[in-house]
Every structure is written in C-alpha cells, then in structure tokens.
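What follows is a single structure, written as structure tokens, with notes after it.
Numbered from 1 within each chain, the chains take letters A, B, ... in sequence-line order.
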Amino acid sequence: MKIVTWNVNSVRVRLPLLEELIKTENPDVILLQETKCMNDVFPREFFESYNYHLAIHGQKTYNGVAIISKYPIENIKCNLDDESVEARYIEGFTNGKYVASIYVPCGNKSPEAYEYKQKFLSQVASRWDSDDEIVLGGDFNVAMSDKDIQTPEKWVGSVLCTPEVRSEMQKVFDKSFFDVHVDQFGKNDFTWWDYRRPNEGLRIDYILVKNIAGKLETLRKYRQMERPSDHVPVMITLT
DNA sequence: ATGGTAGCCGAGCTA
C-alpha cells in the first residue's frame, strides 16, 4: 500500500503533475493540502476516472484538504473543533487504516495566527489516543531540527522552527507517532522551498505513522517539472 | 536591507 502526501498549492493547476504521479506511482491513497477551491469546483471527475474515491474539505481561495483513495472512505470527519473556519483537516478510514490530511497554519501573518498554529498542533496531538493503525500526512509547517533546514542561519526566529512550535509538534510524536524520515535518511531531504528562495529548502511535510511500518521517499522530480508546487510529494510504501 | 514568486481572483492577501 502506497500513501502520498502533497501540498499541491491549487489542485486545479496541479492536475498535469497529479496525472504523472498517478500514472507512475499508482498510489492507493493521496492526501492533498492547499487544494484552494470549494467542493463544487473540485476536479472530482479527474480522480474518479482513475477509480479513486474522494473525501474533500474545500474552501474558497485558501487552504483546503482532501483524501483520495482507491478504497471506500468511511468515518469522514472535517476539522479538529467546531469553531474551525479554515479547511485544514480531514480524516477518514480506508483500507483498514485511519488516515488524515493535515495543513497546519504557517502562523507568520500575526501574533494571533501564531497562537492559532500552536493550538492547532496541540489539537492534532490530542486527537489520536487509540491503538489503531494511523497515518498522518501533511504540511505541518514545522522543521523539527536544524538538519531539516538547508540554511539554518537564515531561518533563526522563523515561525517554522521556534522552540514553541517544535515543542507542540513533539507532543504529536509523543502520542507514539513515528517520523519515518528521521530513521531512514537522517540528513537533508527537503520538501518545501519558498518560490522566492529556491536554494533554501526545509523539511516541513511529514508522514507520521502509528502501529505501521514503511519505506519513505521524497519525490524530488516534481520540483523540476513544468509549473511545480512549492512542495514535493512525500510517499510511504507500507511494509 | 529589501524584494524576490505563485495562486487565488481580478486588489490585495497568504504563503
């Protein structure tokens, strides 16, 4: 079973690259972030033509998350609390596993946004106490270690790597979620570049697993293609 | 020290 997470920065613009991903990797599950469209204009037919089921949670212009699966998706839940106005979280049960597509707020636009980021991360941590097989994929907007930053000296004080957000993210790991990447690479393998800073990669996209093992890959070629996202897909092949 | 790009949508916000 292959599961991909990808912040596509507009699902409609990224359809050619998604088609390449589906044709070459044929993933069982695709977790999308920043789909940037309402549900009624989501390119549902495109995915259905490849025999996928969909669970989508859209928003106009910003955010938006989705679960795309070869298997039926049950127990679909959107948002981590009833007050959420931003579409940043969707979970479901598919092929015997719980999966979630998560887009953690960046938190750099205001002090309130930064507070919200920390609250959001703490809600992710407290969501999962069960002993089920769980895969959390998404853009967590946190670089846990300076090894996850190509030029750490240029990112000192950034909301992507403060002690506070690293501490909140650690609370997710403390719920028995395992960062497969650290074990298998342990060195630079970045997932996001600001379009304006192409030589300053960070690893802020994660696949976190609980009671599951697998082999992880960062699909770097999707950054070299026409009209790339600012993130590359991250894929796990379960073992 | 600043601004640099991309996507939303059709100016300015978010990242």
Between [Y] and [X], is the closest basic N to carboxylate O distance under 4.0 Å?
| X | Y | answer |
| --- | --- | --- |
| A/Lys119 | A/Glu115 | no |
| A/Asp148 | A/Arg166 | no |
| A/Lys210 | A/Asp132 | no |

**Q.** A/Lys36 charged N/C atom sitting above A/Tyr62 aromatic ring, 6.0 Å / 45°
**A.**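 Judged by the rule (NZ or CZ under 6.0 Å from the ring centre, within 45° of its axis), A/Lys36 is not positioned above A/Tyr62.
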
**Q.** Cation over ring face, A/Arg14 and A/Trp6, 6.0 Å, 45°
**A.**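 Here A/Arg14 fails the 6.0 Å and 45° test against A/Trp6.
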
Q. Contact boundaries of DNA chain B with chain A (under 4.0 Å, heavy atoms), 5' to 3'?
A.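 Span of nucleotides near chain A: B/dG4 to B/dA15.
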
With [atom1] as the reference atom in both, quote the distance from [N] to [M] in angstrom, rounded to an integer.
| N | M | atom1 | result |
| --- | --- | --- | --- |
| B/dC13 | B/dC9 | C1' | 11 Å |
| B/dA6 | B/dG10 | C1' | 15 Å |
| B/dA11 | B/dA1 | P | 34 Å |

(Q) Here's a test of your reading of the structure: between A/Tyr62 and A/Pro228, which maps to the more 5' nucleotide of DNA chain B? (A)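 So the residue in question is A/Pro228.
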
Q | Whichever of A/Ala113 and A/Val13 has its nearest DNA chain B nucleotide further upstream toward 5' | A |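 Result of the comparison: A/Val13.
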
Q. With a 4.5 Å heavy-atom cut-off, do A/Met144 and A/Asp179 have their side chains touching?
A.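 A/Met144 vs A/Asp179: side chains apart.
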
